[in-house]
Amino acid sequence: MAYQTQGFTLDNSGKRVVVDPITRIEGHLRIEVNVDDKNVIRNAVSTGTMWRGLEVILKGRDPRDAWAFVERICGVCTGVHALSCVRAVEDALGIEIPKNANIIRNLMHATLYAQDHLVHFYHLHALDWVDVVSALKANPAETSKIQQSISTWRNSSPGYFRDVQNRLKKFVESGQLGIFANAYWGHPAYKLPPEVNLLAVAHYLEALDFQTQIVKIHTIFGGKNPHPNWLVGGVASPINVDGSGAVGAINEVYLNIVRDICDQTIEFIEKVYLPDLIAIAGFYKDWTYGGGISSQNLMSYGDFPLAPGKHENSNLLIPSGAIINGNLNEILPVDLKDPEQIQEFVTHSWYKYADETKGLHPLEGVTDPNFVLGKGTKGDLKTKVEAFDESAKYSWVKAPRWRGHPMEVGPLARYVIAYASNHSYIKPQVDDLLGKLKLPLTAVFSTLGRTATRGLEAQWMAHKMKDYYNELVANIKAGDTTTANMERWEPSTWHKKDKILKGAGPTEAPRGALAHYMVIKDTRIEGYQAVVPTTWNASPRDHENKIGAYEASLLNTPMADPHKPLEILRTIHSFDPCLACATHVLNDQGDELVSVKVR
């Protein structure tokens, strides 16, 4: 059946390809597409298949403790939910954090960006472009020449790449392939020569080691990683540069470690990550098609406050705003608390509203699970759902909308909005990359564009890490060692009994616009909603049948072999989905229960 929605023509009458679960992501995601007789995707359905209910279990708890619960929403974006949460509490209670706290939060947040983007490129997304098995055929001497031609990275000798190749060979011959198992090696959509594949595999292994060093900054300022400690009113990081005072306090030794990690992060990203990104992208310029959502609707909440205070563009390093239909000449303001701007719909989600034709602002949000299968659903839960009925409820993900529009969020959105704002760092950075690849600006609106902007952002954030370090040291040298404002810590200072306070905590997580919303009544949490980046991007259809970013990004994508849907993985992975803690679906004998099928 062909039907119109949101400017797209959808046709679910062709062969149906189901990928369930999508691996190399955080959480459980199922993608269904229909392909025509030329194997071009004409319809797509994105289904979040797990519900945890953290918003429900927070009700009645102390808002000062909420960050420790919501931080467990994700083990990859470690700390970002806690940051959004403490900002929501501080917004509700009118707390302004000290300058040092703002700098340290920015430093920890920038550290997350650098580490998270690095992990995504090499360990979650690279295998969509890199044929690992092909690397066994490479000439290590030629790989060495390629490495030396694209950067001055120290690991560049023929002997080094020969050793990597031998390690890979032993790994393959052992039969214990781990994450390299069940992949589509030899797929016709792979285009890299063996020598570039070997280069990427070598850096995959190096990045696996180095990313563990970056997050030591979180352990210094937050005590641990994942899930560093946070604090309403500032940060839980006392400063004693002379080495006295509290155990674990920030001193000169710790600051020197932070400085060195910042320098090493800049070097790795600029000598390994970015050169690899440019080299690989050069072979996949055809992947600059598709990937738009709602005719290129993009949104950013903005982040990295320049100073403690209001969350507005004049005080933000990353600008906020919304772009509709790809109109770069008009950046619309975004207000998280405006009930007319942000609403969540559940017409096609497994939740229940009193009136499902209307959306709810998160401060008035309801999380009432309502799992029902549509009459058009094929198969059943006891055996296998072959196809969900997209005209009914089909996902545990709600459908958030900004002024009625489905939006894409993430590095692509942040970079396009900043570019359109003539950002002094980002605009030249994007122009330089497009010049090297000989591509127009429109190429950014694509699967490859998402991957490229994430790499550019990693470079920027690595330099910001060093900037924040220098800013912190300068402020400490000026005599300021305050890291927390505890004036309004006690509930007795908050409000009179039964008064209701509301707060919103905007954050730009590595994956995109994130906000936690909190309603406090009589010192306890009365209501809580978290609208995460993947809620926006993985959104199902809404009450007007408008499709979400994942679904729209897949349309019109040609597939070389529907039985091996590598193209689906490339586009979905470019968003870096984060639905919940990842798990494999196994029976008690350890056999895989799911498979990719063409119907």
Side-chain angles (χ1 to χ4, degrees), residues 24 76-77 109-130 132 135 143-144 146-156 160-161 164 192 195-217 260-285 287 410-412 414-415 425-426 428-430 432-437 439 444 447-467 510-511 570 573-576:
R24 280 187 277 127
V76 174
C77 277
H109 200 32
T111 298
L112 173 62
Y113 269 62
Q115 188 259 359
D116 191 85
H117 289 344
L118 188 69
V119 168
H120 172 262
F121 179 73
Y122 284 105
H123 309 126
L124 303 179
H125 195 29
L127 301 187
D128 300 330
W129 314 96
V130 175
V132 174
T143 300
S144 174
I146 294 171
Q147 172 66 84
Q148 293 173 18
S149 71
I150 62 176
S151 87
T152 59
W153 183 239
R154 54 185 170 270
N155 296 330
S156 63
Y160 172 73
F161 289 110
V164 172
L192 299 182
E195 287 72 24
V196 178
N197 283 319
L198 178 58
L199 181 77
V201 170
H203 294 162
Y204 177 108
L205 299 173
E206 290 183 46
L208 199 61
D209 289 332
F210 180 66
Q211 58 90 18
T212 65
Q213 301 303 306
I214 301 176
V215 294
K216 287 181 179 179
I217 289 178
D260 292 344
I261 292 173
C262 292
D263 290 338
Q264 293 162 14
T265 302
I266 293 171
E267 181 186 31
F268 194 91
I269 288 175
E270 293 195 333
K271 292 186 178 182
V272 181
Y273 182 179
L274 272 184
D276 282 359
L277 174 62
I278 295 170
I280 292 172
F283 290 91
Y284 290 104
K285 291 183 182 180
W287 275 83
L412 186 153
R414 288 193 289 265
Y415 258 60
Y425 185 94
I426 290 177
Q429 192 190 26
V430 172
D432 180 65
L433 178 63
L434 291 173
K436 289 177 179 176
L437 293 173
L439 290 171
V444 174
T447 294
L448 188 61
R450 288 188 200 93
T451 303
T453 51
R454 185 172 277 106
L456 294 180
E457 191 170 63
Q459 179 190 34
W460 184 31
M461 285 298 113
H463 284 280
K464 291 310 299 180
M465 289 167 61
K466 187 62 177 292
D467 290 345
R511 289 160 181 80
R570 280 181 179 170
H573 283 156
S574 73
F575 289 92
D576 195 7

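In what follows, residues are counted from 1 in the order of the sequence shown.
Note that CD1 of Ile280 is 11.0 Å distant from CG of Asp128, once rounded to the nearest 0.5 Å. Going from atom CE of Met465 over to atom CD1 of Ile217 covers 3.5 Å, rounded to the nearest 0.5 Å. From Gln213, atom CD reaches atom CG of Asp260 across 11.5 Å, with rounding to the nearest 0.5 Å. The OH atom of Tyr284 lies 4.0 Å from the CG atom of Leu192; values are rounded to the nearest 0.5 Å.
Side-chain contact between Tyr415 and Val444 is absent, with no heavy atoms from C-beta onward closer than 4.5 Å.
Ring pair Tyr113/His109: centre-to-centre distance below 6.0 Å.
In terms of heavy atoms, Leu437 sits closest to Lys285 at O-NZ, 2.7 Å.
In terms of the side-chain contact (heavy atoms from CB on, under 4.5 Å) criterion, residue partners of Val215 (sequence neighbours excluded) are, by chain and number, Gln115, Asn225. Take Arg414 and apply the side-chain hydrogen bond (donor to acceptor under 3.5 Å, both in side chains) test, not counting sequence neighbours, and it matches Glu457, Glu508. With sequence neighbours excluded, the residues forming a salt bridge (charged side-chain N to carboxylate O under 4.0 Å, His left out) with Glu267 are Arg154, Lys271, listed by chain and number.
In this structure, His120 contributes its side chain and His573 its backbone to a donor-acceptor pair below 3.5 Å.
Using a 30° and 60° split on the angle between ring planes, Phe210 and Phe268 fall in the parallel class, below 30°. Under the 30°/60° scheme for interplanar angles, the aromatic rings of Tyr425 and Trp460 are found to lie parallel.
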**Request:** Please assess Arg450 against Asp576 for the test salt bridge (Lys or Arg N to Asp or Glu O under 4.0 Å), listing each intermediate value before the final yes or no.
**Result:** CA-CA 9 Å; Arg450 288 188 200 93; Asp576 195 7; over 6 Å; no
